[in-house]
Amino acid sequence: MGRLVMPGDLLLNKPVRNPYTYVKDEKTYAAVVGMFDEQHSKFMPIKASYLPSLRDSVIGMIEEEKPIGYGVNIFSPYHGLLSSKSLRTTFNVGDIILAEVFEISEVKDIWLSRPVKLVGGEIIDVSPTKISRVIGKHSSMLNVLKAGTGSNIVVGKNGLIWIKGGDVAKAIDAIQKIVREAHTPGLTDRIMNYLNVTPEMLERFKKTPQRGFY
Amino acid sequence: MGGNSDMPLIVNGKRLDGRRLDELRPITIEAGVLNRATGSAYLTWGKNKVLAAVYGPREVFPKHETNLYGSIVRCRYMMAPFSTEEHGRAGPNRRSREISKVMREAFENVIIKEVYPKTAIDIYVDILEGQGSTRVAGLTAAAVALANAGIPMRDIPIGISVGKIDNQIAVDMMREEDNFGQADMPLAITPLSGEIILLQMDGKMTREEFIYALDLAYSKVNEIREKQINALREFFKKSSAAVEEENGEGSNLNGIEQEGETQDSSQETNTLDSISE
């Protein structure tokens, strides 16, 4: 499913804008080490820092209390901010929250909204570029993980994954497998095998109502 | 430096360590050696041993150095006190500050700074053992560390030194040649575009010698680049090594080189076509 490219390798003969590529003489070149899928013109960096974009759900940690709200560490080069105007609850420093990016100011202040406190559980961090594979198309991979382990899993776009209940160790193993093999095709099927998930189980899982974050 | 010395540097057409004039010392590079750094590399170049680490993009401290329109690049080159024959003093000195500066300016030319505004990219280059041409060895290692860290770059620069010893032009100067030769010229080159992003010279060369030295340096660029690329490939193979063990027959690692089978590709990676709209 593509080839490993190095910074400076030619990707496309037409100019395309992307944070991980650059354009020179109307041609697109890779700017980081990544996998390039020629057939679908897809470029997936091996490693990259999280660049927030609007409506991303991220997992962060309350770092400080400010007059305007809270400073949130979202494990990105930029600081998350949570305005207390829209908040009905209070948080303590050290709380883990799931929140949505709703505004990015021109000085790269990341304003978050709709925070949900995540209590207990375990958190692992993976490369933010691999998160799309952990979720899968229409959450296909995430459903397999949840059905196979019985865990409650919340995936933040910034690379943090919160896991609670069920077989946490198995879930972590499976996620690390996904991350290692993120560049290979047919991954969902392999994870289904790995977790012994049958299509029937998956269908049954999809029909049952989802639990909340507790 | 700059004059004729009593020490013969070329004997029977061979240099002190038995190399030809246009021969590099053996180079090995390993990427991703440090767990806590964003990217790292360990390089040996002859007897030189270099550890390079990259941190970031991360928040800028002190805050007033922030650039709103791009990341700032900071570089610290340091020779360990035990890296040379005579035990040195720890900490920065005039020489290491100069090299840090020229190295930073070299990397500012290849790093695409606009991607992460308001951040700092810190490059640390530590010479654990120095036997001549450490700044180009350090730069070569730092370039691998930057690529390993996923910092957007236009190219992976390489460093190489050329010089004049016993009235002849040679590539890759070692300590004795640096100390007792007539000229020493470290260079950093971006292999794909062929631009020179660092050039310093100590000593004297004629115009013809300079041009010949430059050509000699360019002829060695690909040799060094290959080592860097291999290190990055090896790191990728290592970090996805489990694929080989578990998948037995259809080892997917081979799929990297050749065309993989068509597949539904069920993920939401950036489709370059859709972004261009």
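Here is the naming used below: chain letters follow the sequence lines, and residue numbers restart at 1 for every chain.
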Working for side-chain contact (heavy atoms from CB on, under 4.5 Å), residues A:Leu51 and B:Val115: CA-CA 9 Å; A:Leu51 265 179; B:Val115 180; 4.0 Å; yes

Least distance between heavy atoms, A:Pro7 atom then B:Met153 atom: CB-O, 3.8 Å

Largest heavy-atom contact set with chain B, pairs under 4.5 Å, which of A:Val33, A:Val179, A:Val32, A:Ile131: A:Val32

Heavy-atom contact with chain A under 4.5 Å, split by part of B:Ala120: neither

Contact summary for B:Pro57 and A:Ser49, nearest pair of heavy atoms: CD-OG, 3.3 Å

B:Leu192 CG to A:Asp9 CG distance, which is reported to the nearest 0.5 Å: 7.0 Å

Residue A:Glu106 excluded, over 12 heavy atoms near CD under 6.0 Å: no

Spacing of B:Asp155 atom CG and A:Tyr22 atom OH [to the nearest 0.5 Å]: 6.0 Å

Short side-chain to backbone donor-acceptor contact, B:Tyr116 and A:Tyr78, under 3.5 Å: no

Chain A contact via B:Ile111 - side chain, backbone, both or neither, heavy atoms under 4.5 Å: neither

Proximity breakdown for B:Ile229 and chain A, heavy-atom pairs closer than 4.5 Å: both

Distance, nearest 0.5 Å, that separates NZ of A:Lys108 from OG1 of B:Thr66: 14.0 Å

Distance-minimising heavy-atom pair for A:Asp109 and B:Lys118: OD1-NZ, 4.4 Å

Best-contacting candidate, B:Val110, B:Val60, B:Leu68, B:Asn148, against chain A by heavy atom pairs under 4.5 angstrom: B:Asn148

A:Ser76 side, atom OG; B:Glu59 side, atom CD - distance, nearest 0.5 Å: 10.0 Å

Partner chain B: residue of A:Met141, A:His79, A:Met6 with the largest heavy-atom pair count (under 4.5 Å): A:Met6

Gap between atom CD1 of A:Ile46 and atom CZ of B:Phe236 - 0.5 Å precision: 4.0 Å

